[in-house]
Engineer: 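Sharing a structure, written as structure tokens. Questions coming.
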Protein chains: 2
Amino acid sequence: MSGERTGRHEYADEIGLYFEGYGLPRIPGRILGWLLVCEPPHQTAEELAEELDISRGSVSMAMKMLSANKAVVRHAVPGSRRTHWRLRPGFWLDEAAEKARQAREWIKQTERGLELLADAPPESRRRLEEANEMYTFLAEQYGRIETLWHEQRKQ
Amino acid sequence: MSGERTGRHEYADEIGLYFEGYGLPRIPGRILGWLLVCEPPHQTAEELAEELDISRGSVSMAMKMLSANKAVVRHAVPGSRRTHWRLRPGFWLDEAAEKARQAREWIKQTERGLELLADAPPESRRRLEEANEMYTFLAEQYGRIETLWHEQRKQ
DNA sequence: CAAAAATTTCAATTATTATTGAAATATTTG
DNA sequence: CAAATATTTCAATAATAATTGAAATTTTTG
């Protein structure tokens, strides 16, 4: 890190800490934060390593994770054949789809639980039935969100 | 763990692994899973320690975490003065409110970013504006979900 | 196509977090 | 209120995960 540390570097660090608070590794968070405020909005792996003072290896690993999550995409820069990275527009909305997916996982889990308790008294089955109903509702609602966004956009 | 291991114990373990997959500690997950399928649906700390083969200390810590998250509540059992624990009905719906809260955190973060980029070209500000708009929309939508559930219930 | 540059992999290290279990504290009961 | 029982705390340990950096691989460029 030869360049000076600016408020934008601090911003990146804070997003890193935010990530950590949710049990996610800090470096991908710092990179995400940096890509929100850096100029230009696209950066090479080398620039990221330099600005955030982390190893090339860490950048590589973090980019793998962030692109698996569709948070970043490669970005072609005329006149350069290096890999540049930038945030993928629309990424933030994906979290609703991800929540829908998680809710569907819970629907399956609660169904499995109900099979396990097939012969149990209704009193015992109720907690699983309740969870199952709620996740069915939640999956439906989370699923609607993305569609709704696009509909609102069209107008 | 003196009693035999049943499918319900396996179920608890799987919920534990599910927790771990999201970076959460395994033991609270195993307890949550057990409380979904155990009989009766309420258990003492001792029973939990016994059935899941974990220390009393771990149970204590896990209960602190699970009650901080409102996943479990103390449950009075006539004829016993021990602390019994059970799942809190309605807990699962809370995740929508939690997502709304997280979206509001991101609204603040993106606003801070926009202050940082006050003098930057529109091109540079766009990614933050986009994220800000999306989280504003998401916060609104996640916020609606709980209300909607209660409305549907009334009918 | 060979040299240079960029990128990825992965074993070793460092750092972090979960879990235990014994001691301390709090609660219950005769 | 004292003994018995239950619960919590917390330092030590065990387990896990993040990060580095050097070597291997891939890609670019003259």
Side-chain angles (χ1 to χ4, degrees), chain A residues 1-2 12-35 42-69 71-86, chain B residues 1-2 12-35 42-69 71-86:
Chain A
M1 184 166 54
S2 52
D13 290 350
E14 281 163 36
I15 304 295
L17 293 174
Y18 181 78
F19 257 54
E20 223 170 46
Y22 285 96
L24 301 166
R26 192 193 290 203
I27 287 183
R30 292 178 69 207
I31 291 177
L32 196 76
W34 181 250
L35 287 177
H42 48 83
Q43 303 269 293
T44 64
E46 168 133 21
E47 285 165 336
L48 292 169
E50 179 83 2
E51 294 289 352
L52 302 175
D53 193 22
I54 53 180
S55 73
R56 307 287 158 94
S58 293
V59 174
S60 177
M61 226 200 52
M63 288 348 260
K64 204 151 101 178
M65 170 182 163
L66 290 171
S67 39
N69 289 320
V72 298
V73 286
R74 283 161 205 276
H75 176 81
V77 171
S80 164
R81 291 211 200 170
R82 282 211 215 171
T83 305
H84 286 243
W85 296 95
R86 65 176 167 79
Chain B
M1 184 166 53
S2 52
D13 290 349
E14 281 162 36
I15 305 294
L17 292 175
Y18 182 78
F19 258 54
E20 222 170 46
Y22 285 97
L24 301 166
R26 190 193 291 202
I27 287 183
R30 292 179 68 209
I31 291 177
L32 196 75
W34 181 250
L35 287 176
H42 48 81
Q43 303 269 295
T44 64
E46 168 133 20
E47 285 165 335
L48 292 170
E50 179 83 1
E51 295 289 351
L52 302 176
D53 194 22
I54 53 179
S55 73
R56 308 287 158 94
S58 293
V59 174
S60 177
M61 227 200 52
M63 290 346 262
K64 203 151 101 179
M65 170 182 163
L66 290 171
S67 39
N69 289 321
V72 298
V73 286
R74 282 160 206 276
H75 175 81
V77 171
S80 164
R81 292 209 201 172
R82 284 210 214 170
T83 305
H84 286 242
W85 295 95
R86 65 176 168 80

Engineer: Could you state the atom-to-atom distance from CG of A:L17 to P of D:dA18 in whole Å?
Structural biologist: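 One finds 15 Å between P of D:dA18 and CG of A:L17, rounded.
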
Engineer: What does A:T83 touch in the nucleic acid at a heavy-atom separation under 4.0 angstrom: a base, only the sugar-phosphate, or nothing?
Structural biologist: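 If one applies the 4.0 Å heavy-atom cut-off, A:T83 turns out to touch the sugar-phosphate alone, with no base involved.
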
Engineer: Would you say A:S60 places a side-chain N or O within less than 4.0 Å of OP1 or OP2 belonging to C:dT8?
Structural biologist: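 Yes, such a contact exists.
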
Engineer: May I ask you to evaluate whether A:K64 reaches the phosphate of C:dT9, defined as a side-chain N or O under 4.0 Å from OP1 or OP2?
Structural biologist: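 Checking A:K64 against C:dT9: at least one side-chain N or O falls below 4.0 Å of OP1 or OP2.
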
Engineer: So A:R30, base contact, sugar-phosphate only, or nothing? Heavy-atom distance under 4.0 Å.
Structural biologist: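 Counting heavy atoms under 4.0 Å across all strands, no contact is made by A:R30.
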
Engineer: Pick the closest DNA chain C nucleotide for A:T44 and for A:E20 by heavy atoms, then say which residue is nearer the 5' end.
Structural biologist: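 The 5'-side residue here is A:T44.
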
Engineer: Round to a whole Å and report the spacing from OH of A:Y22 to P of D:dA18.
Structural biologist: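 From A:Y22 OH to D:dA18 P: 18 Å.
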
Engineer: Rounded to whole Å, how long is the line connecting atom CD of B:E50 with atom P of C:dT20?
Structural biologist: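 Taking CD of B:E50 and P of C:dT20, I get 14 Å after rounding.
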
Engineer: Tell me: CE of A:M65 to C1' of D:dT19, nearest whole Å?
Structural biologist: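 It is 14 Å, rounded to the nearest whole Å.
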
Engineer: What I want to check is whether the side chains of A:W34 and A:Q43 have a donor and an acceptor closer together than 3.5 Å.
Structural biologist: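 Yes - a donor-acceptor pair under 3.5 Å links their side chains.
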
Engineer: Give a yes/no on whether any side-chain N or O of A:R56 is located under 4.0 angstrom from OP1 or OP2 of C:dT7.
Structural biologist: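 No, outside the criterion.
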
Engineer: Do you see a donor-acceptor pair shorter than 3.5 Å between the side chains of B:R86 and B:H42?
Structural biologist: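 Looking only at side-chain atoms, B:H42 and B:R86 do not form any donor-acceptor pair under 3.5 Å.
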
Engineer: Are the charged groups of A:E14 and A:R30 less than 4.0 angstrom apart, N to O?
Structural biologist: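 No, no charged N to carboxylate O under 4.0 Å.
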
Engineer: What is the nucleic acid contact for A:R26, judged by heavy atoms within less than 4.0 Å: base, sugar-phosphate only, or nothing?
Structural biologist: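 A:R26: backbone/sugar contact only, no base atoms under 4.0 Å.
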
Engineer: To the nearest angstrom, how far is A:L24 atom CG from D:dT16 atom P?
Structural biologist: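 Going from CG in A:L24 over to P in D:dT16 covers 19 Å.
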
Engineer: Identify the heavy atoms of A:A62 and A:I31 that sit nearest to each other, and give their distance.
Structural biologist: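 Residues A:A62 and A:I31, closest heavy atoms: CB-CD1, 3.5 Å.
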
Engineer: Roughly, in whole Å, what's the span from CE in B:M61 to P in D:dT9?
Structural biologist: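 Roughly 11 Å, once rounded to whole Å.
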
Engineer: Would you say a side-chain N or O of B:S55 is under 4.0 Å from OP1 or OP2 of C:dT20?
Structural biologist: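 Affirmative; the distance criterion is met.
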
Engineer: Provide, to the nearest angstrom, the distance between the CD1 atom belonging to A:I54 and the P atom belonging to D:dA18.
Structural biologist: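 That distance rounds to 14 Å.
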
